[in-house]
> 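Structure provided below as structure tokens; questions to follow.
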Protein chains: 2
Amino acid sequence: MNKIIPNLGSERPTDRLVHLLVGTAHGLEKRYEEALAPVGLTGPKFGALSKLVQAGSSLSLGELAERLTCVRSNITQLVDRLEADGLVERSEDPADRRTVRAGITELGLEKQIAGAKMIANLLEEVASSLKGLDLDAFERVLNALGAFNVLACYKDA
Amino acid sequence: MNKIIPNLGSERPTDRLVHLLVGTAHGLEKRYEEALAPVGLTGPKFGALSKLVQAGSSLSLGELAERLTCVRSNITQLVDRLEADGLVERSEDPADRRTVRAGITELGLEKQIAGAKMIANLLEEVASSLKGLDLDAFERVLNALGAFNVLACYKDA
DNA sequence: CCAGCATTATTCATATATGAACAAAATCAT
DNA sequence: ATGATTTTGTTCATATATGAATAATGCTGG
């Protein structure tokens with residue numbers, strides 16, 4: 001969970017801000033993982049289950065990779081682990097014998113729902129800690145960084 | 001480089017902001033990695049070299065782990081790879097036979113300097129894309145999230 | 001039709017991260 | 001002084017990520 005851009009004492013004001021931004025994001029992700037841990041889920045596992053719930057049906061591994069913005073080989077492994085946990089099941093696609101579909105199980109659905117509750121609580125906390133702040137200005141800065149950045153792929157990941 | 005908090009159509013305004021924040025941070029980290037790639041460095045490798053340069057002397061692996069905010073076993077592996085690249089050398093600590101010190105090599109120093117230049121350019125770009133925005137408001141929001149968050153460990157990572 | 005091309009998932013090698021278990025060495029408390 | 005504890009780095013098992021190579025299948029242009 002590291003890979004934080006190191007602060008090398010440069011001390012231009014934006015350098016500090018970038019560092020703060022990335023650190024804050026990592027902190028949020030850590031909270032996110034911690035919120036899911038009691039349910040027995042990790043971030044990536046919850047993400048995959050959520051995409052399946054959201055889709056309302058099974059998805060091919062390729063579709064799952066797209067929606068989770070990652071490469072296929074990653075999904076092969078993630079679905080291996082989810083299947084070992086009994087949260088997801090692979091099935092054949094009758095229309096295309098190359099395709100493997102992943103469908104959520106009963107247990108997977110339960111876990112997703114439990115995880116979603118934890119995340120809702122977390123986001124509630126975040127929302128209340130942000131009350132009264134100028135969130136529009138905040139978003140303008142993020143958008144400025146987003147325009148400049150490689151973020152198309154994150155638009156609705 | 002994924003593990004982005006998935007957007008599960010909740011659509012409270014702060015949910016969207018959290019998602020945007022984390023996505024932007026990942027985008028910056030991606031740019032950071034891409035800036036270092038031509039030099040032949042990755043983020044973690046550059047981070048370790050930078051801490052050694054900053055320290056001005058060799059550091060024990062434990063000190064390095066602390067400054068990079070990660071566990072010791074991670075540093076063992078990272079220093080293995082840096083040593084294989086010829087960027088760092090392990091040495092014994094005369095004062096404590098348990099301790100292993102990591103010192104930067106000539107080549108390591110060159111690479112760190114080259115990497116630092118690339119990062120300086122990147123931050124320059126960021127700074128110019130942020131011109132005219134209300135960075136104080138931005139920082140206030142980040143601080144609100146930081147206070148609420150597990151971020152002590154990132155204060156000056 | 002079928003030869004070549006594209007797509008799909010898997011496997012493999014690798015990088016990064018964590019945490020538990022371990023061995024060696026240092027320190028501390030009695 | 002010495003037995004217990006702590007500290008240090010390594011090793012191992014595991015999770016997550018990437019990208020290259022591969023095999024199976026599907027598709028397409030002639």
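Any value given below was found using the heavy atoms of this structure, including those in side chains, with hydrogens, waters and symmetry copies removed. Proteins get letters first, then strands, A, B, ... in listed order; numbering begins at 1 in each.
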> Is the distance from OP1 or OP2 of C:dA15 to the nearest side-chain N or O of B:Arg81 less than 4.0 Å?
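For C:dA15, OP1/OP2 do not have a side-chain N/O of B:Arg81 under 4.0 Å.
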> Could a donor-acceptor pair under 3.5 angstrom be found where the side chain of A:Arg97 meets the base of D:dT25?
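Flag unset: no donor-acceptor pair detected.
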> What nucleotide among C:dA9, C:dT16, D:dT16 has an atom nearest to a side-chain atom of A:Thr76?
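The answer is C:dA9, which lies nearest to the side chain.
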> Does B:Thr42 make a side-chain N or O approach to OP1 or OP2 of C:dT16 shorter than 4.0 Å?
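Result: yes.
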> Taking donor-acceptor contacts at under 3.5 Å, does the side chain of A:Ser73 reach the base of D:dG19?
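Under the 3.5 Å cut-off, the side chain and the base do form a donor-acceptor pair.
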> Pairing donors with acceptors under 3.5 angstrom, does anything connect the side chains of B:Glu33 and B:Thr42?
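Side chains of B:Glu33 and B:Thr42: no pair found under 3.5 Å.
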> So, is B:Asn74 near the phosphate of C:dT18, with a side-chain N or O under 4.0 Å from OP1 or OP2?
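True: B:Asn74 side-chain N/O within range (under 4.0 Å) of C:dT18 OP1/OP2.
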> Do the rings of A:Tyr32 and A:Phe46 sit parallel, tilted or perpendicular, given the 30° and 60° boundaries?
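Taking A:Phe46 first and then A:Tyr32, their aromatic rings stand perpendicular (interplane angle over 60°).
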> Any side-chain N or O of B:Arg72 under 4.0 Å from OP1/OP2 of D:dG9?
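Yes.
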> Which part of the nucleic acid does A:Thr99 contact within heavy-atom distance under 4.0 Å: base, sugar-phosphate only, or nothing?
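Sugar-phosphate contact only - A:Thr99 comes under 4.0 Å of backbone atoms but never of a base.
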> Is the phosphate of D:dT10, meaning OP1 or OP2, less than 4.0 Å from a side-chain N or O of B:Arg90?
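B:Arg90 to D:dT10 OP1/OP2: side-chain N or O found under 4.0 Å.
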> CD of B:Glu29 versus P of C:dT16: gap in Å, rounded?
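Distance check: B:Glu29 CD to C:dT16 P gives 14 Å.
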> Measure from CG on B:Leu64 to P on D:dT7 and round the result to the nearest Å.
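Nearest whole value for this atom pair: 20 Å.
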> If you find the nucleotide of DNA chain D closest to A:Asp96 and the one closest to A:Val71, which residue's nucleotide is nearer the 5' end?
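Nearest-nucleotide comparison on DNA chain D picks A:Val71.
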> Which heavy-atom pair separates A:Ser129 from A:Leu133 by the least distance, and what is that distance?
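So the two residues come closest at O-CD1, 4.1 Å.
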> Given D:dT10, D:dA17, C:dA9, identify the nucleotide with an atom nearest to the side chain of A:Pro44.
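Minimum distance to the A:Pro44 side chain belongs to D:dA17.
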> Tell me: CD of A:Glu33 to C1' of D:dA17, nearest whole Å?
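Taking atom C1' of D:dA17 as the reference, CD of A:Glu33 is at 13 Å.
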> Could you pick out which residue, A:Leu78 or A:Arg98, lies toward the 5' side of DNA chain D when each is mapped onto its nearest nucleotide?
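With A:Leu78 and A:Arg98 compared, the 5'-side residue is A:Leu78.
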> At their closest point, which heavy atom of A:Ser60 faces which heavy atom of A:Thr99, and how far apart are they?
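The pair with the smallest heavy-atom distance is CB-CG2, 3.6 Å.
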